[in-house]
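Here is the structure we will look at, set down as structure tokens.
When a residue number appears, it is its place in the shown sequence, counting from 1. Both counts, for ligands and for their atoms, begin at 1 and track the order of listing. Quick note: numbers below take in every heavy atom, side chains included, and nothing from hydrogens, waters or symmetry partners.
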Amino acid sequence: MSANDRTDPTATRPAFAAHRPATAGDPLDVYRDQERPAHPTRPWVLSNFVAGIDGAIAIDGRVDGLSSPEDQTVFALLRSLADVVLVGAGTFRAERYPPIRLSPQVQSEREARGQRPAPTLAVVSRSLQLDWDRPSFTQAETRPVVLTTEASDAGTRERASQVADVVLAGTEHVEVTTALEALHARGHRIVLCEGGTALMAELLTAGLLDELCLTIAPLVGGDPSRIIADEPRPALTRFELAQVLTAGDELYLRYLLRDGASGADPGA
Ligand SMILES: NC(=O)c1ccc[n+]([C@@H]2O[C@H](COP(=O)([O-])OP(=O)(O)OC[C@H]3O[C@@H](n4cnc5c(N)ncnc54)[C@H](OP(=O)(O)O)[C@@H]3O)[C@@H](O)[C@H]2O)c1
């Protein structure tokens with residue numbers, strides 16, 4: 001079966017099954033029914049990636065050949081829980097990010113939990129080489145945020161500020177700790193990082209990733225990239241396996257940073 005066959009909407013789809021923990025109800029509740037406590041000065045940070053068996057995270061520079069309808073279900077579910085969807089500019093450009101849209105029911109559920117109807121898109125970029133006319137900026141439900149540096153071009157920042165809130169979070173480089181503190185100060189408590197490799201390397205090196213939701217697609221032979229870029233290189237960091245689901249030949253893994261090593265304060 002080819003990667004494209006897996007996204008055929010007419011094909012019979014495999015159901016999710018929960019293995020760890022084995023649950024009788026909806027297997028996807030294990031994503032929903034979790035405490036994700038904010039830290040004293042920054043949000044809880046989870047990340048969602050899909051990778052092939054060999055670790056590839058893209059095929060010809062794009063993720064869609066790896067992602068199945070089931071993976072899209074988890075992708076949408078995680079978005080439904082987040083206050084912010086955080087992406088590096090490389091991913092924003094490669095994946096041509098559309099506006100974040102959630103169903104009316106999901107919007108109501110979010111509002112009942114005290115969240116805004118849709119998560120805020122936050123893009124990290126030093127160059128600010130972004131298409132400000134994209135619908136993700138011009139038709140967003142919630143005004144996006146652009147996290148950039150003092151060294152970025154002032155004129156481009158001015159253009160960006162027409163469609164997004166521009167936040168300076170570093171001199172030459174966006175400091176991810178500063179960026180997350182800025183999001184926390186704006187009232188955001190759960191940040192979903194959707195990549196890409198450079199931003200993930202930064203978050204892991206700074207010890208800021210609390211949770212990783214990883215889909216393993218039954219494919220080999222994509223691009224050589226993996227979920228973190230070569231630089232910066234994080235210290236070896238141990239995670240614990242909190243959850244395993246399957247759907248057909250795919251694995252859905254949820255890892256947590258081991259034993260509060262990130263300093264999460266459950267009371268925050
Ligand atoms: N399989 C998956 O689940 C998945 C998920 C996401 C992405 N991807 C793939 O990953 C690839 C894109 O990743 P990528 O390697 O380009 O990484 P990325 O983190 O998406 O983008 C890198 C860019 O983000 C900006 N950036 C990131 N951290 C920064 C910082 N600390 N300070 C300033 N700017 C920062 C810079 O933008 P400027 O250049 O604008 O300064 C940098 O060039 C694509 O092929 C995409 O398909 C796969």
*Applying side chain to side chain donor-acceptor pair (under 3.5 Å) between Asp83 and each of Gln115, Arg110, His184, report the one that passes.*
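With Asp83 as partner, Gln115, Arg110, His184 yield a single side chain to side chain donor-acceptor pair (under 3.5 Å), made by Gln115.
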*Before giving the answer on side-chain contact (heavy atoms from CB on, under 4.5 Å), spell out for Arg62 and Arg96 the whole-Å C-alpha distance, their side-chain angles and the decisive distance to 0.1 Å.*
CA-CA 10 Å; Arg62 298 282 307 269; Arg96 301 180 199 113; 2.6 Å; yes
_Strictly under 4.0 angstrom, heavy-atom based: which residues surround ligand 1?_
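Protein residues near ligand 1 are Phe49, Val50, Ile57, Ala58, Gly61, Arg62, Val63, Gly88, Ala89, Gly90, Thr91, Arg93, Ala94, Glu95, Val124, Ser125, Arg126, Ser127, His173, Val174, Glu194, Gly195, Gly196, Thr197, Ala198, Leu199, Glu202.
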*Starting from the C-alpha separation in whole Å, work towards a yes-or-no answer on side-chain contact (heavy atoms from CB on, under 4.5 Å) for Val244 and Leu253.*
CA-CA 5 Å; Val244 180; Leu253 308 173; 4.0 Å; yes
_One thing to verify: whether Arg79 and Glu194 come together as a salt bridge, which I'm taking to mean a side-chain N less than 4.0 angstrom from a carboxylate O._
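A salt bridge links Glu194 with Arg79.
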_I'd like to know if Asp133 pairs up with Arg159 as an ion pair, taking the criterion as any Lys NZ or Arg NE/NH1/NH2 lying under 4.0 Å from an Asp or Glu carboxylate oxygen._
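Looking at Arg159 together with Asp133, the answer is yes, because their closest N to O distance falls below 4.0 Å.
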*Say you draw a straight line from CG of Leu199 to CG of Leu209; how long is it, rounded to the nearest 0.5 Å?*
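That separation rounds to 10.0 Å.
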